[in-house]
Amino acid sequence: YTITANAVDLANDHVIDASEMAHDRLLIRIAGGTTEMTITVKAGAFSDASLGDEVLTVGATDIVCIVLEASRFLQSDGTINVDAASAGAVTGATIEAYLLP
């Protein structure tokens, strides 16, 4: 089937509904756009949250994938928070999330 990626939103960031994640893993795929950007996956509310946020640099036209574990990134409301930032406007960048068994 076809998956439609969401456009990266620098102003509003992203909240991923991971309420089904429990003890599984989540793969996030980010495709860069016109400008380099910084992606921050915010630490969650459980045991490994003390390891802190995960910060990734995504260059223009790069594709970056990261696998996240619930114990570090899952928030108490069942979401995963992803912030995006860039020194300039970014167009064409996308983000996708896939639950892994």
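Heavy atoms only: backbone and side chains are in, while hydrogens, waters and symmetry mates are out.
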[X]: which residues meet the side chain to side chain donor-acceptor pair (under 3.5 Å) condition with it, sequence neighbours left out?
| X | result |
| --- | --- |
| Asp62 | none |
| Asn6 | none |
| Asp77 | Thr79 |
| Ser19 | Asp17 |

My understanding is that only residues two or more places apart in sequence, or in another chain, count here; which of them pass side chain to side chain contact (heavy atoms under 4.5 Å, CB included) with [X]?
| X | result |
| --- | --- |
| Ala5 | Thr94, Glu96 |
| Thr35 | Ser86, Val90 |
| Leu51 | Asp48, Arg72 |
| Thr57 | Glu36 |

Sub-4.5 Å side-chain heavy-atom contact between [X] and [Y]:
| X | Y | answer |
| --- | --- | --- |
| Leu100 | Asp24 | no |
| Ile66 | Leu56 | yes |
| Val55 | Thr38 | yes |
| Ile30 | Met37 | yes |
| Val82 | Ile16 | yes |
| Arg29 | Ile63 | yes |
| Asn81 | Gln75 | yes |

Report task. For Glu69, look at atom CD and say whether over 12 heavy atoms of other residues, nucleotides or ligands are found less than 6.0 Å away. Result -> no
Query raised in the report: Tell me the salt bridge (charged side-chain N to carboxylate O under 4.0 Å, His left out) pairs involving residues 79-91, sequence neighbours left out?
Result: none
Query - Nearest-0.5 Å distance that lies between atom CG in Leu27 and atom SG in Cys65 - result: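 Answer rounded to 0.5 Å: 5.0 Å.
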Requested in this report: Could I get the full list of salt bridge (Lys or Arg N to Asp or Glu O under 4.0 Å) partners for Arg25, not counting sequence neighbours?
Outcome: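 Applying salt bridge (Lys or Arg N to Asp or Glu O under 4.0 Å) to Arg25 gives none.
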Report task. Please identify each residue that fulfils salt bridge (Lys or Arg N to Asp or Glu O under 4.0 Å) with Asp9, with sequence neighbours left out. Result -> none
Query raised in the report: Shared ILVMFWY cluster between Leu74 and Leu99, side chains joined below 4.5 angstrom?
Result: yes
Query raised in the report: When hydrophobic residues are tied together by side-chain contacts of less than 4.5 Å, even through go-betweens, does Val64 share a cluster with Leu68?
Result: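 As far as the 4.5 Å side-chain criterion goes, Leu68 and Val64 are connected within one cluster.
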Search all heavy atoms of [X] against all heavy atoms of [Y] and return the closest pair with its distance.
| X | Y | result |
| --- | --- | --- |
| Ala45 | Ser76 | CB-N, 3.7 Å |
| Ile80 | Phe73 | CG1-O, 3.8 Å |
| Ala49 | Gly44 | CB-O, 3.2 Å |
| Ala85 | Leu10 | N-CD2, 3.8 Å |

Query raised in the report: Hey, does the side chain of Thr34 reach the backbone of Thr91 with a donor-acceptor pair shorter than 3.5 angstrom?
Result: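 Looks like yes, one N/O pair under 3.5 Å.
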